[in-house]
K.L.:
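Shown below is the structure under consideration.
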There are 2 protein chains.
Amino acid sequence: MTTTIKRRDTGVSLFHALSDVMRLEIMERLKDGEHCVCDLTEALKTGQSRLSFHLKVLKDAGLITDRPEGRWTYYALNREGLEELESVVQSLQVSRPRAGSSSRCP
Amino acid sequence: MTTTIKRRDTGVSLFHALSDVMRLEIMERLKDGEHCVCDLTEALKTGQSRLSFHLKVLKDAGLITDRPEGRWTYYALNREGLEELESVVQSLQVSRPRAGSSSRCP
DNA sequence: ATGAGTAATCAACATCCGTTGATCCGTAGA
DNA sequence: TCTACGGATCAACGGATGTTGATTACTCAT
């Protein structure tokens, strides 16, 4: 089914985007609102190039948004992405209330 | 804070475990209950070695459990791991209701 | 005890990912 | 227009990750 495949792929990219310490730290920082790159660079004590790389991964996954303004770019959490994440996680929950083992081998 | 660091690390390993198509497919299969490896090998049409590798990743992350029985090993979803995942995902939600931008650069 | 079947582990290889430093692009101020 | 600055992008490198085939360990049946 195509929608299932699509769901799996977005799942993979969402989970991959979050499978890195620095990226989780970025998400953490953005929880209280928008931040510009220079702000994050200082807060996370890292190089500009590295930060830019991770921001791109998060943005491509749809978890954050960027808002260029003049010389600066502000990043913020993306509600839609987080909702999608929630939904994918929900879909991992057990569907049948594990009524004993459902496959017998011998 | 130590607990925050620990939370980040478990987050990373949970997300990493789920950032792979085959591993998501395994989770999908286990939603309806226990399955033995031979069962999954056939369902996912893959080699035994490959499957075993991915099962180990999921198990190490605490997302599934194994139950050896005789010649076979049965795998199942691990509720605790899924709850931990939920909790980590919850912790990514915006904390303050984004009252405008919280950092100004110039 | 031997042989067959299940599954974990290993070594080797290929690929992907993250880091770093350099470069490029766009904007703001002189 | 020239310069300085913020930030994206690129190439190159090194380390991690996934794949494959072979080996090993264990269990069951004969």
Side-chain angles (χ1 to χ4, degrees), chain A residues 8-9 11-27 29-30 34-76 101 103-106, chain B residues 8-27 29-30 34-76 101-106:
Chain A
R8 263 201 288 272
D9 288 345
V12 167
S13 83
L14 284 172
F15 290 132
H16 168 254
L18 295 170
S19 67
D20 180 280
V21 180
M22 168 150 296
R23 294 200 284 268
L24 284 186
E25 281 173 351
I26 293 172
M27 296 292 286
R29 294 280 170 177
L30 295 182
E34 264 190 340
H35 286 273
C36 67
V37 176
C38 50
D39 199 348
L40 294 169
T41 310
E42 188 181 349
L44 301 179
K45 295 180 187 6
T46 185
Q48 179 267 320
S49 175
R50 185 156 94 113
L51 183 56
S52 197
F53 168 78
H54 290 295
L55 287 170
K56 182 168 163 50
V57 175
L58 288 170
K59 187 186 151 202
D60 288 349
L63 286 165
I64 62 176
T65 58
D66 62 341
R67 183 175 66 84
E69 183 181 311
R71 270 199 262 204
W72 295 275
T73 306
Y74 294 91
Y75 281 88
S101 44
S103 82
R104 306 268 73 213
C105 267
Chain B
R8 263 201 288 272
D9 287 345
T10 70
V12 166
S13 82
L14 284 172
F15 289 132
H16 167 255
L18 295 170
S19 67
D20 180 280
V21 180
M22 166 148 298
R23 294 199 285 266
L24 284 186
E25 281 173 351
I26 292 172
M27 296 293 285
R29 294 280 169 178
L30 296 183
E34 265 191 341
H35 286 273
C36 67
V37 176
C38 51
D39 199 347
L40 294 169
T41 310
E42 188 181 350
L44 301 178
K45 293 178 188 6
T46 185
Q48 178 267 321
S49 174
R50 185 156 94 114
L51 183 57
S52 197
F53 169 79
H54 290 295
L55 286 170
K56 181 168 163 52
V57 175
L58 288 170
K59 187 186 151 202
D60 287 349
L63 286 165
I64 62 177
T65 57
D66 61 341
R67 182 176 67 83
E69 182 182 314
R71 271 198 260 206
W72 296 275
T73 305
Y74 293 91
Y75 281 88
S101 44
S102 63
S103 82
R104 306 267 73 215
C105 267

K.L.:
Could you state the NZ-P distance from Lys56(A) to dC10(D), rounded to the nearest angstrom?
P.N.:
9 Å

K.L.:
Below 4.5 Å, heavy atoms only, C-beta onward: do Arg29(A) and Asp39(A) meet side chain to side chain?
P.N.:
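No - every pair of side-chain heavy atoms lies 4.5 Å or more apart.
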
K.L.:
Starting from P on dT17(D), measure out to CG on Asp60(B) and report it in whole angstrom.
P.N.:
12 Å

K.L.:
Measuring only between side-chain heavy atoms, which start at C-beta, is Arg23(B) closer than 4.5 Å to Phe53(B)?
P.N.:
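Of all side-chain heavy-atom pairs linking Phe53(B) with Arg23(B), at least one is under 4.5 Å.
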
K.L.:
Output the rounded distance in Å from CH2 (Trp72(B)) to C1' (dT27(D)).
P.N.:
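Nearest whole value for this atom pair: 9 Å.
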
K.L.:
May I ask you to test the Leu58(B)-His54(B) pair for a side-chain heavy-atom distance under 4.5 Å?
P.N.:
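Not in contact.
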
K.L.:
If each of Ser19(A) and Arg71(A) is mapped to the nucleotide of DNA chain C with the nearest heavy atom, which maps nearer the 5' terminus, i.e. the 5' end?
P.N.:
Ser19(A)

K.L.:
For a quick test of your reading: what N or O donor-acceptor pairs under 3.5 Å do the side chains of residues 40-51 of chain A make, sequence neighbours left out?
P.N.:
from, atom 1, to, atom 2, distance (Å)
Thr41(A), OG1, Val37(A), O, 2.7
Thr46(A), OG1, Arg50(A), NE, 2.9

K.L.:
Lys59(B) NZ to dT9(C) C1': how many Å, rounded?
P.N.:
13 Å

K.L.:
Would you please confirm or rule out a distance under 4.0 Å between OP1 or OP2 of dG18(C) and any side-chain N or O of Arg23(A)?
P.N.:
yes

K.L.:
So do His35(A) and Ile26(A) actually touch side chain to side chain, heavy atoms under 4.5 Å?
P.N.:
no

K.L.:
Looking only at heavy atoms, which two atoms of Ile64(A) and Leu30(A) are closest? And how far apart?
P.N.:
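In terms of heavy atoms, the two residues are closest at CG2-CD1, 3.7 Å.
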
K.L.:
Rounded to whole angstrom units, what separation is found between the CG atom of Asp39(A) and the P atom of dG6(D)?
P.N.:
13 Å

K.L.:
Check whether any side-chain N or O of Tyr75(A) sits under 4.0 Å from OP1 or OP2 of dA8(D), and answer yes or no.
P.N.:
yes

K.L.:
Identify the two heavy atoms, one from Ala61(B) and one from Ala17(B), that lie closest to each other, and give their separation to 0.1 Å.
P.N.:
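Where Ala61(B) meets Ala17(B) most closely, the heavy atoms are CB-CB, 3.6 Å.
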
K.L.:
Roughly how far, to the nearest 0.5 Å, is OH of Tyr75(A) from OG1 of Thr65(A)?
P.N.:
9.5 Å

K.L.:
Can you give me the bend angle of the helix from dA1(C)-dT30(D) to dA30(C)-dT1(D)? Use the axis through the first five pairs and the one through the last five, nearest 10 degrees.
P.N.:
20°

K.L.:
Considering only heavy atoms, which members of residues 47-55 of chain B lie under 4.0 Å from some atom of DNA chain D?
P.N.:
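Ser49(B), Arg50(B), Phe53(B), His54(B) - these, ordered by number, are the residues of the stretch whose heavy atoms sit under 4.0 Å from the strand.
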
K.L.:
When you match Gly70(A) and Asp20(A) each to their closest nucleotide on DNA chain C, which lands nearer the 5' end?
P.N.:
Asp20(A)

K.L.:
Starting from P on dC17(C), measure out to CG on Leu58(A) and report it in whole angstrom.
P.N.:
14 Å

K.L.:
Would you say Leu24(B) and Phe15(A) make side-chain contact, with heavy atoms under 4.5 Å?
P.N.:
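Counting from C-beta outward, Leu24(B) and Phe15(A) do come under 4.5 Å.
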
K.L.:
Rounded to whole angstrom units, what separation is found between the CD1 atom of Ile64(A) and the P atom of dG7(D)?
P.N.:
13 Å

K.L.:
Please give, in whole Å, the distance from dA7(C) P to Ile26(B) CD1?
P.N.:
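Ile26(B) atom CD1 is separated from dA7(C) atom P by 13 Å.
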
